[in-house]
Amino acid sequence: MALRLYNTLSGKIEEFQTLQKNQVRMYACGPTVYDYGHIGNFRTFVAVDILHRFLEQSGYTVQHVMNITDVDDKIIRNSSREGVPVQTYTAKYEKAFLEDTLLLNIAQPKLARATEHIPEMAEFIAKLEAKGFVYRTEDGSYYFRIAKFPAYGKLSKKDFGGMQDGARVDVDEYEKDSARDFAVWKAPKPGEASWETSIGPGRPGWHIECSVMSMEELGETFDLHAGGEDLIFPHHENEIAQSEAYSGKPFARFWFHPRFLLVEGEKMSKSAGNFYTLRDLVLKGHKPSSIRYLLASVPYSTQLNFTFDGLKQAEVSVDRLRNFRLRLTSGQFPAGANPEMTKLAQETTDRMRAALEDDLNTPQAQAAIFDMARTANAAFDSGAVKQDDVPALLGALDKFNEIFAVLRDDDAPKIKSIAEWAKAEGRDISQELLGLLQSDALSDEQVNGKLAEMEAARKARNFPVSDAIRKELTAAGILVENTKDGVRWRRK
RNA sequence: GGACGGGUAGCCAAGUGGUAAGGCAUCGGCCUGCAAAGCCGAUCAUCAUGGGUUCGAUUCCCAUCCCGUCCUCCA
């Protein structure tokens, strides 16, 4: 079997195929760095990351490029309002974005910054102009002539054939030949950032950077292009027009568009008061792993309802799997092997693979691992898990984690950097976050020392002392479990 | 208004032409010095509403209501 993916271009689920065997070349639209990333942004980036990880798990080498849009109207407006150069302004948010992706265990793609490719964009536009796809207006802007590109609309399934260019043309854009034509290059305006180039001064239009950078990094035709569903039109439609007009060849073969999320059942918006950046959530005391898990719990192809209740549930779910893993790594098992367990691990791995191959059905993959955990936990209790079964079970869990990336107990160190940032920015830090930070306060040695004391007290049946120590450790975010095989612990 | 996607238990949700995964929550039990973790059992779904097709629909078709995305710069 192979991965079957919904392709926006064909409007169908298709078998994913690459141009070169075992190699994927993909381009994902990244952030416009004008503010901190919100959870909607990260829903998209997590979805793309899951695709990336599953492709690697499937044996592909993945060449993954992501743009950083570091010049646009909003950036120019905000930076001038703050009185700082564009680069200073964008550097801050780019840094924050990259830290955020680390928080969520998003594998880092190769980055391509718009402002570092301005000369190439100018050349690209010059060639399009030479081919007649682009025209220059009196003020020095350049527009793409949609009428020259009959396939326009094939991605968004819009029919522009019957469109009449009416008299209803935007006042600012009176020079365009057709209202539908879009800017590939914007003439400079007083006080705005602009670049001197071979086609004159100005700055790039919104779409040109992606055409230029993706083709530069991945070739004129590559395997997959991703971005939020809102980018289908006009952004990706325009990219296709520019790129295919330029090269005369098909641009990306697969188009991957994660759907939007809702927050508490409603559209996320600042005015509705349900707008959250990733950092907002962390400051409220939510773990990055819970957030990632929740974002991955609904297929990318359907809308996700992001709720705080769901976030709590996600944390408990992740804990369950972490506990299961702890049992596997710290337990003592009778010698030998139980074929049932090996079979269970294999079936689980197969189920997860089949689920993900089915257009990345993440909840079914999760169901498979939970089924395994339940069955294996029951087998644990009855002593039916043997030494030789452990690697197989752990292996299935690892396969799961290669995709979902939530099982490491590393939330506390990650949160620490956010807490420091919050302090520097003068943001409020919740009690919950302070509590989470606690779990990193004691070193492994200190924890083990306390545990030794506790065990000694328990052996002496000095329960008041052992209970006091347990309480102390719990307060420090350490979960202690006493089992018949001895004591084990992990950071909550 | 047009195009498209969705409405499944208290919550998040998968899925199917033959009455429905998984997680969370709730209740009871087992285990346990306590706790934690785990297991077992139970409760919980007329699958938005109204029609139609069919031996049979939650799954296909139509209508209605609701939600979301896009219809030029929002992931």
Side-chain angles (χ1 to χ4, degrees), chain A residues 8 11 28-32 37-48 69 72-74 146 156-159 170 173 179-183 186 205-207 226-235 237-238 257-262 265-269 293-294 297-299 301-324 326-327 351 355 358 361-371 373-382 458 461-464 466-467 470-471 473-474 478-484 487-490 492:
Chain A
T8 309
C29 283
T32 300
H38 61 251
I39 51 175
N41 294 316
F42 289 109
R43 142 82 143 173
T44 300
F45 296 125
V46 166
V48 172
T69 299
D72 87 323
D73 291 353
K74 240 175 297 196
I146 284 173
S156 54
K157 314 284 185 281
K158 291 181 195 299
D159 181 12
D170 195 309
E173 297 167 330
R180 289 270 157 194
D181 290 352
F182 60 89
K186 297 182 177 182
W206 179 27
H207 322 290
E229 63 170 321
D230 58 320
L231 298 184
I232 295 170
F233 190 88
H235 184 54
E237 196 71 69
N238 290 352
H257 293 108
R259 304 286 305 270
F260 269 27
L261 55 68
L262 302 178
E266 286 177 42
K267 172 184 177 149
M268 180 170 79
S269 71
Y293 185 87
L294 179 56
S297 292
V298 177
S301 54
T302 59
Q303 207 161 53
L304 178 159
N305 186 10
F306 192 99
T307 66
F308 284 96
D309 200 27
L311 207 44
K312 252 179 270 152
Q313 294 171 12
E315 181 177 345
V316 180
S317 302
V318 169
D319 267 341
R320 181 169 162 83
L321 293 176
R322 288 183 178 179
N323 286 332
F324 175 63
L326 183 65
R327 259 190 125 164
R351 272 178 71 189
D358 181 15
N361 193 327
T362 47
Q364 285 201 341
Q366 291 174 340
I369 205 73
F370 277 104
D371 279 341
R374 186 181 353 91
T375 307
N377 270 324
F380 270 129
D381 289 348
S382 66
R458 290 183 72 231
R461 302 192 67 81
N462 187 350
F463 294 125
S466 71
D467 286 352
R470 182 193 297 285
K471 216 173 158 190
L473 286 169
T474 302
I478 307 297
L479 171 69
V480 181
E481 294 180 37
N482 296 98
T483 73
K484 59 178 165 37
V487 64
R488 62 171 174 239
W489 66 277
R490 69 179 184 83
K492 282 279 281 184

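Below, chains carry the letters A, B, ... as their sequence lines are ordered, and counting in each starts from 1.
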Using both distances under 3.5 Å as the test, list the Watson-Crick or G-U wobble partner of B:G10, or none. B:C24

Work out how far the C1' atom of B:U49 is from that of B:U8, and round it to whole angstrom. 15 Å

Taking atom C1' in both B:C74 and B:U16, compute the distance separating them and give it to the nearest angstrom. 36 Å

In the structure shown, which nucleotide is the Watson-Crick or G-U wobble counterpart of B:C39, with both distances under 3.5 Å? B:G29

Rounded to the nearest 0.5 Å, how far does CZ of A:Arg327 lie from CG of A:Asp381? 4.5 Å

Side chain to side chain, A:Trp206 and A:Phe182, heavy atoms closer than 4.5 Å: no

Give me the distance, rounded to whole Å, that separates B:A3 from B:U46 when you measure between the P atoms they each carry. 33 Å

A:Ile232 CD1 to B:C73 C1', straight-line distance once rounded to whole Å: 16 Å

For the side chain of A:Pro234, starting at C-beta, report the closest nucleotide among B:A21, B:U72, B:A75. B:U72

Its contact letters, B for base, S for sugar-phosphate only and - for none at protein heavy atoms under 4.0 Å, make nucleotides 24-37 of chain B read B--------BBBBS

Write down the distance separating the P atoms in B:A42 and B:A36, rounded off to the nearest Å. 24 Å

Taking the P atom of each, how far is B:A57 from B:U19, in whole Å? 12 Å

What contact category does A:Pro299 fall into here, base, sugar-phosphate, or nothing, at under 4.0 angstrom with non-hydrogen atoms? sugar-phosphate

Spacing between A:Gln364 atom CD and B:C12 atom C1', to the nearest angstrom: 16 Å

Rounded distance (Å) that lies between atom P of B:A14 and atom CD of A:Gln303: 11 Å

Under 4.0 Å, counting only non-hydrogen atoms across every strand here, what does A:Leu326 touch: a base, just sugar-phosphate, or nothing? nothing

Complementary nucleotide of B:C74, counting Watson-Crick and G-U pairs under 3.5 Å: none

Atom-to-atom span, CZ of A:Arg43 to C1' of B:C12 - whole angstrom: 13 Å

Is A:Ser297 close enough to B:G22 that one of its side-chain N or O atoms is under 4.0 Å from OP1 or OP2 there? no

Base-pairing assignment for B:G17 (Watson-Crick or G-U wobble, both under 3.5 Å): none

Less than 4.5 Å apart, side chain to side chain, heavy atoms only: is that true for A:Lys267 and A:Phe260? no

Length of the CG-P vector between A:Asn305 and B:G6, whole Å: 16 Å

Interatomic distance at C1', B:G38 relative to B:A13, whole Å: 25 Å

Residue whose closest nucleotide on RNA chain B lies nearer the 5' end, A:Gly228 versus A:Ala367: A:Ala367

For the P atoms, the ones on B:G6 and on B:G17, what distance do you get once it is rounded to whole angstrom? 15 Å

Residue A:Lys157 excluded, over 12 heavy atoms near NZ under 6.0 Å: yes

Mind calculating the distance between CD (A:Glu266) and P (B:U69) to the nearest angstrom? 11 Å

Is there a side-chain contact between A:Asn323 and A:Glu481 in this structure, where contact means two heavy atoms from C-beta onward sitting under 4.5 Å apart? yes

Planes under 30° and centres closer than 5.5 Å, is that true for A:Phe380 with the base of B:G38? no

Pairing partner of B:G68 (Watson-Crick or G-U wobble, both distances under 3.5 Å): B:C4

Just the rounded figure in Å: distance from P of B:U69 to NZ of A:Lys157. 20 Å

Rounded to the nearest 0.5 Å, the CG atom of A:Leu304 sits from the OG1 atom of A:Thr302 at a distance of 7.5 Å

Does the structure show a Watson-Crick or G-U wobble partner for B:C34, both distances under 3.5 Å? Name it, or say none. none

What does B:U49 pair with, Watson-Crick or G-U, if both distances are under 3.5 Å? B:A63

Side chain proximity check, A:Leu326 to A:Arg488, heavy atoms < 4.5 angstrom: yes

In Å and rounded to the nearest 0.5 Å, what is the CG to CG distance from A:Asn305 to A:Leu294? 9.0 Å

Any donor-acceptor pair under 3.5 Å joining the side chain of A:His257 to the base of B:A75? no

Suppose you measure atom C1' in B:G68 against the same atom in B:G51; what distance do you get, rounded to whole Å? 26 Å

d(CG, A:Leu261; C1', B:C74) in whole Å: 13 Å

Separation between OG1 (A:Thr483) and CZ (A:Phe380), nearest 0.5 Å, reads 11.0 Å

Would you say a side-chain N or O of A:Asn361 is under 4.0 Å from OP1 or OP2 of B:A14? no

Decide yes or no for A:Lys492 and A:Arg322: does some side-chain heavy atom of the first lie under 4.5 Å from some side-chain heavy atom of the second? no

If you assign A:Phe306 and A:Asn238 each to the RNA chain B nucleotide with the nearest heavy atom, which residue ends up on the more 5' nucleotide? A:Phe306

Regarding the side chain of A:Phe182, the nearest nucleotide among B:U72, B:C70, B:A13 is B:U72

